[in-house]
Amino acid sequence: MKILVIGGGGREHALCWKIKKSPMVEKVYCAPGNAGISKIATCVDINATDLVGLKEFALENSIDLTVVGPEQPLTMGIVDLFEKNNLKVFGPDKAASELEGSKVFSKDLMKKYSIPTAKYETFTDLDAAASWIKNINGPFVVKADGLAAGKGVIICNSIEEGEKALKSIIQDKAFGEAGNKVVVEEFLKGEEASIFVLTDGNKYMLLESSQDHKAIFDNDTGPNTGGMGAYCPAPIVTKEVLEKVEKQIVVPTIKGLNSEGINYRGVLYVGLMIDEGEVKVLEYNCRFGDPETQPVLMKMKSDIVPLFMEIAEGQLETSFLEWKAGSTICVVMSSKGYPGSYDKGVELSTLDNLQESEDVVLFHAGTKFNGNSIVTNGGRVLGLTVIDHSISSAIEKVYNNISKIDEGTLYYRTDIGKKAVKKG
Ligand code: AMP
Ligand code: GLY
């Protein structure tokens, strides 16, 4: 089989790495890919949002299956376009991707089908929203309806902060059209975790749990990023918690979507807040998480390609997955200054010091070649991912290996996985 992966981050590097292991696969292409991906797949210089260019490439190269990494092409309708051209593709179609593409859509769905989530109100009018928040006691969260690269969520600790957030989204259009509607919701306390669900729109399988670290600094302080590290499994997701997730969230979400005439095929990312064993949905995403995919796929023993193919064909047949024992962890190394402004083009000259193996893999995100050298090309640059017999030994292993490639030019958190150790 010839497989095309769309995207160019750490998630897509992990997808290519995992797909490449399948005996069913003869060639992997990645559009646009990055420097690390180019060592295991053929990178194609087509942007992830150039839907027509991607479709032409898939047709010309007789691609058997396309796996879509990021949300933008999904919400733009890449799956609809590929299917119209008889191309097999793994991912939800445009209507199903609204689950991530519109927070109003996803909150309304949860309310209608009694799926546990934060209480909320939706607004299009600044004055109405500003007057409503005056009645809230304690912190609350203001969210732009549409895609805003993870930046459209503002946690507010006072009415003044809320007014500022609403004004920037509704009046000043800080996130453009994505802010035409806003959701104001109750602030949830607890600990977050991520669950990926593979589904053909009826049958589903839950992958092992993971936990992201969204804040830039240690101890979850500072502004939110795309994710600074993740581990799998997440001990906060106990057997009881997982049963609740399945019964209270996954089943009613899939059924609810069906009742709305939507057949969701792909991976459904459920972002959870867990408080004293009770679960609530913080958000749905219509794709794999980044960086959670890196540790989740390293932990998975089964071949993932049959699952992708079955779902792309509309019929999930696989009913059991094998997982490696132990824990996996990914520590993200970012450009200094991220998530604010940062330089690009910084040379990474010590990457060869790392001895990679099945158990130690350096997934690239924002990297590219400049002649023969590899240079930075984005905020999140690398994600060193390892597996070991316990979370404590995995943490030790990942940081030992990071010290081999750490030239002081990149930044990383030093406490990834600590919360899991405390529970273990
Ligand atoms: P979202 O894109 O909706 O997942 O929000 C991004 C991040 O903001 C989440 O991962 C949480 O860390 C935080 N967040 C979002 N909604 C809430 C909420 N209702 N209560 C507390 N934190 C939240
Ligand atoms: N790691 C968070 C996300 O992928 O949205």
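None of the values given here were measured: they were computed from a predicted structure. Every number for a ligand or one of its atoms is a count from 1 in the order of the listing.
Salt bridge annotation for E278-K244: present, with a cationic side-chain nitrogen under 4.0 angstrom from a carboxylate oxygen. Residues K189 and D275 are paired through a salt bridge, judged by an N-O separation under 4.0 Å between the basic side chain and the carboxylate. Using a 4.0 Å cut-off between a side-chain N of Lys or Arg and a carboxylate O of Asp or Glu, R265 and D200 do not qualify as a salt bridge.
The protein atom (non-hydrogen) at minimum distance from atom 13 (C) of ligand 1 is I155 CD1, 4.1 Å. Protein heavy atom in closest approach to atom 16 (N) of ligand 1: K143 NZ, 2.9 Å. The single protein non-hydrogen atom nearest to atom 23 (C) of ligand 1 is L282 CD2, 3.7 Å, given as residue, atom name and distance. Summary of contacts: the protein heavy atom closest to atom 4 (O) of ligand 1 is E283 CD, 2.7 Å. In this structure, the protein non-hydrogen atom closest to atom 20 (N) of ligand 1 is L188 N, 2.7 Å. In this structure, the protein non-hydrogen atom closest to atom 5 (O) of ligand 1 is V153 CG2, 3.4 Å. Atom 7 (C) of ligand 1 has its closest protein heavy atom at N224 ND2, 3.8 Å.
For ligand 2, the protein residues within 4.0 angstrom (heavy atoms only) are D212, K214, G226, Y269, N285, R287, G289, D290, P291, E292.
Ligand 1 has at least one atom lying under 4.0 Å from a heavy atom of K103.
Close contacts of ligand 1 with K214, meaning ligand atoms under 4.0 Å from a residue heavy atom, involve 10 (O). Listed by number with element, the atoms of ligand 1 under 4.0 angstrom from any heavy atom of V141 are 17 (C), 18 (C), 19 (N), 20 (N). Residue contact check: E185 has heavy atoms under 4.0 Å from atoms 16 (N), 17 (C), 18 (C), 19 (N) of ligand 1.
No side-chain N or O of N377 forms a donor-acceptor pair with one of N34 less than 3.5 Å apart. Counted by atom type alone, D303 and S22 present one or more donor-acceptor pairs between their side chains at under 3.5 Å.
With sequence neighbours left out, the ring pair (Phe, Tyr, Trp, His ring centres under 6.0 Å) criterion links W132 to F123. Residues passing the ring pair (Phe, Tyr, Trp, His ring centres under 6.0 Å) test with Y269, sequence neighbours excluded: F196. Listed by chain and number, the residues in a ring pair (Phe, Tyr, Trp, His ring centres under 6.0 Å) with Y29 are F57 (sequence neighbours excluded).
In terms of modelled atom types and a separation under 3.5 Å, the side chain of N285 and the main chain of E100 share no donor-acceptor contact. Looking only at distances, no side-chain donor or acceptor of R380 sits under 3.5 Å from a matching main-chain atom of M228.
Remark: K111 is positioned above the aromatic ring of Y120, its terminal NZ or CZ atom under 6.0 angstrom from the ring centre and at most 45 degrees off the axis.
Counting only non-hydrogen atoms, the option in E100, E186, E192, K119 that gets closest to atom 11 (C) of ligand 1 is E192.
Smallest separation of non-hydrogen atoms from K39 and I374: NZ-CD1, 4.1 Å.
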